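Worksheet: one structure, shown below.
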Amino acid sequence: MTAQTVTTLILGAGAAGMMCAAHAGDDVLVIDHATSPGEKIRISGGGRCNFTNLYTAPENFLSENPHFCKSALARYTQWDFLDLVARHGIAWHEKTLGQLFCDHSAKEIIAMLRAEMAAAALWLETSVDDVAHDGAGFVVRLTRAGHAVTVRARNLVLATGGKSIPKMGATGLAYQIAAQFGHRITETRPALVPLTFDEAQKTVFAGLAGTAVEARISCNDARFDEAMLFTHRGLSGPAVLQISSYWREGDRLAVRLCPEVDIFAQLRQRRVEAGAKSVATILAEILPKKLAQHLVTDWAIAGNMADQPDIALRALADRLERWLLTPTSSEGYRTAEVTLGGIATDAFSSRTMASQHLPGLYAIGEALDVTGWLGGYNFQWAWSSAVAAGRAIAAKT
């Protein structure tokens with residue numbers, strides 16, 4: 001067995017881990033089980049990495065303590081990260097709703113982070129076997145290239161993320177280590193994840209697979225206006241992924257179809273202009289054709305527009321503006337973009353990400369109970385929390 005001593009050991013070479021290494025000063029070692037660093041960065045945003053959001057604010061994050069994220073987000077903002085991107089000559093564009101993407105490839109963000117953390121050592125294909133603290137510092141037993149290695153470190157940074165996308169090796173390791181040192185773990189569940197129907201509902205909606213529609217989806221006091229997509233298993237699309245962070249089993253989704261359209265007014269107008277046309281035909285002017293036909297059939301709406309009095313059109317508009325759907329589950333961590341919940345923030349400093357239980361222990365990024373909305377917010381939390389921890393470590397070493 002070989003041994004090595006470093007000032008700071010960072011577990012995880014993802015977005016948060018690499019960013020922390022870039023700011024944590026000298027004598028830093030970053031380890032990861034993967035063959036390449038930044039694997040979740042590489043696959044994010046369809047390969048172009050939605051690396052931040054112009055409108056990042058504390059209100060875009062969920063946590064037991066909604067105030068915890070404020071300090072880090074204020075001290076390293078989306079504009080700071082954009083300055084870094086500009087210094088590395090990475091071209092970017094805004095897609096929608098403040099979401100920023102690389103023009104070319106997510107690999108540019110990984111290369112940027114590798115350059116920024118060039119002073120740190122990086123060990124890949126390295127697994128953690130045991131973590132202990134002997135009173136003087138952390139003692140971490142690793143396996144690297146089939147060989148046992150013990151690393152002693154004054155500081156240990158948990159940057160291994162959550163449980164989402166297990167095929168990439170996500171295990172919840174950070175939770176295990178934090179709990180070992182007395183930290184509480186909040187309830188964790190898949191977030192930013194497609195929702196699924198039971199078998200009976202799958203049969204009902206089978207013909208709509210692949211159909212997308214603009215929708216306002218509400219659940220548990222949260223509301224999102226974006227696209228909703230029907231799949232073979234249930235519902236997906238940006239609006240569904242967003243609301244999934246607020247939905248719980250048994251909850252109903254209130255769906256307002258085409259929220260920017262005054263449906264009742266449009267139906268009345270089309271009754272005057274095209275009264276001989278069927279309700280399904282007119283609805284297909286507002287909604288995707290498959291969805292319009294499905295609803296007319298499911299709701300047993302017959303006849304032409306001329307046959308529909310105002311009270312019938314009002315009732316139809318009301319149903320379209322408050323369509324109640326009840327998913328039974330989600331697709332789970334397999335497809336979840338993030339994990340909701342994590343290491344409770346109550347015993348960590350919001351300014352430095354340092355443990356109040358054990359000096360030298362830090363947690364950053366998705367490992368903590370801070371979960372952002374869809375659209376670049378979780379990457380910004382990774383950058384902000386990592387910089388907070390890195391600077392705190394550098395200042396004391």
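Heavy-atom basis, side chains included; hydrogens, waters and symmetry copies ignored. Fair warning: this is a prediction, and the values are worked out from it, not measured in the lab.
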Please confirm whether the backbone N or O of [Y] pairs with a side-chain atom of [X], one donor and one acceptor, at under 3.5 Å?
X	Y	result
Thr196	Ser329	yes
Thr297	Leu295	no
Asn50	Gly376	yes
Asp198	Gln201	yes
Gln78	Leu54	yes
Gln180	Val131	yes
Ser236	Pro194	no
Thr345	Phe348	no
Ser384	Trp381	no

Distance check, rounded to the nearest 0.5 Å: [X] atom [atom1] versus [Y] atom [atom2]?
X	Y	atom1	atom2	answer
Cys69	Leu62	SG	CG	10.0 Å
Arg189	Lys163	CZ	NZ	11.5 Å
His294	Phe205	NE2	CZ	4.5 Å
Glu116	Leu113	CD	CG	7.5 Å
Asn378	Glu337	CG	CD	8.5 Å
Asn65	Asp346	CG	CG	8.5 Å

Answer yes if [X] and [Y] sit in the same cluster of Ile, Leu, Val, Met, Phe, Trp and Tyr residues linked by side chain heavy atoms under 4.5 Å apart, and no otherwise.
X	Y	result
Ile165	Leu368	no
Leu208	Leu229	no
Leu253	Met228	yes
Val240	Leu325	yes
Trp79	Val85	yes

Expected list for residues 96-105: side-chain donor-acceptor pairs under 3.5 angstrom, two or more places apart:
from	atom 1	to	atom 2	distance (Å)
Asp103	OD1	His93	N	3.4
Asp103	OD1	His93	ND1	2.7
Ser105	OG	Lys107	N	3.0

Requested in this report: Kindly indicate, with the supporting measurements, whether the criterion side-chain contact (heavy atoms from CB on, under 4.5 Å) is fulfilled by Arg271 and Asp310.
Outcome: CA-CA 10 Å; Arg271 182 179 60 190; Asp310 276 0; 2.6 Å; yes
Non-hydrogen atoms of [X] and [Y] that approach each other most closely:
X	Y	value
Ile343	Ala178	CD1-CB, 3.6 Å
Ala21	Ala120	CB-CB, 4.2 Å
Ile243	Phe224	CD1-CD1, 3.8 Å
Cys49	Ile109	SG-CG1, 4.3 Å
Pro288	Thr211	CB-CG2, 3.7 Å
Ala386	Cys20	CB-N, 3.5 Å

Report task. Compute whether any side-chain donor of one residue and acceptor of the other, for Asp80 and Thr77, lie under 3.5 angstrom apart. Result ->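 Yes, Thr77 and Asp80 have a side-chain donor paired with an acceptor closer than 3.5 Å.
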Query raised in the report: So, Ser164 and Glu366: side-chain donor and acceptor under 3.5 Å apart, yes or no?
Result: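 Looking only at side-chain atoms, Glu366 and Ser164 do form a donor-acceptor pair, the distance falling under 3.5 Å.
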Distance-only criterion, 3.5 Å: show the donor-acceptor pairs between side-chain atoms of residues 214-221 and protein atoms not counting sequence neighbours.
from	atom 1	to	atom 2	distance (Å)
Arg216	NE	Asp225	OD1	2.9
Arg216	NE	Asp225	OD2	3.0
Arg216	NH2	Asp225	OD2	2.9
Asn220	ND2	Tyr246	O	2.9
Asn220	ND2	Asp251	OD2	2.7

**Report entry** Partner set under salt bridge (Lys or Arg N to Asp or Glu O under 4.0 Å) for Lys290, not counting sequence neighbours
**Finding:**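 Lys290 satisfies salt bridge (Lys or Arg N to Asp or Glu O under 4.0 Å) with no residue once adjacent residues are dropped.
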Report task. Could you list the residues that satisfy salt bridge (Lys or Arg N to Asp or Glu O under 4.0 Å) with Glu273, not counting sequence neighbours? Result ->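 Checked Glu273 against salt bridge (Lys or Arg N to Asp or Glu O under 4.0 Å); matches are Arg270.
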Requested in this report: Would you mind telling me which of Phe379, Phe81, Trp383 makes a ring pair (Phe, Tyr, Trp, His ring centres under 6.0 Å) with Phe51?
Outcome: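 Exactly one candidate clears the test, Phe81.
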Are more than 12 heavy atoms, taken from residues, nucleotides or ligands other than [X], located less than 6.0 Å from that residue's [atom1] atom?
X	atom1	value
Lys202	NZ	yes
Arg75	CZ	yes
Lys289	NZ	no
Arg351	CZ	no
Ile311	CD1	no
His232	NE2	no

Query raised in the report: Out of Thr160, Leu9, Leu173, which one pairs with Val128 under the side chain to side chain contact (heavy atoms under 4.5 Å, CB included) rule?
Result: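 Only one of Thr160, Leu9, Leu173 forms a side chain to side chain contact (heavy atoms under 4.5 Å, CB included) with Val128, namely Leu173.
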Any idea how [X] and [Y] line up, ring-wise: parallel (<30°), tilted (30 to 60°), or perpendicular (>60°)?
X	Y	result
Trp323	Trp299	perpendicular
Trp373	Tyr377	perpendicular
Phe181	His133	perpendicular

Report yes if some heavy atom in the side chain of [X] is under 4.5 Å from a heavy atom in the side chain of [Y]; otherwise report no.
X	Y	result
Met18	Ile41	yes
Val28	Ile393	no
Leu358	Leu156	no
Trp92	Leu82	yes
His183	Ile177	no

Mind listing the side-chain donor-acceptor pairs of residues 141-154 below 3.5 Å, one per line with the distance, residues two or more places apart or on another chain?
from	atom 1	to	atom 2	distance (Å)
Thr143	OG1	Asp129	OD2	2.6
Arg152	NH1	Asp134	OD2	2.7

Query raised in the report: Charged N to carboxylate O below 4.0 Å: is that the case for Asp318 and Arg322?
Result: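 Judged by the 4.0 Å cut-off on N to carboxylate O distance, Asp318 and Arg322 do not form a salt bridge.
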**Report entry** Residues clustering with Leu192 (ILVMFWY side chains joined when closer than 4.5 Å, directly or via others)
**Finding:**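 Besides Leu192, the hydrophobic cluster comprises Leu241, Val338, Leu374, listed by chain and residue number.
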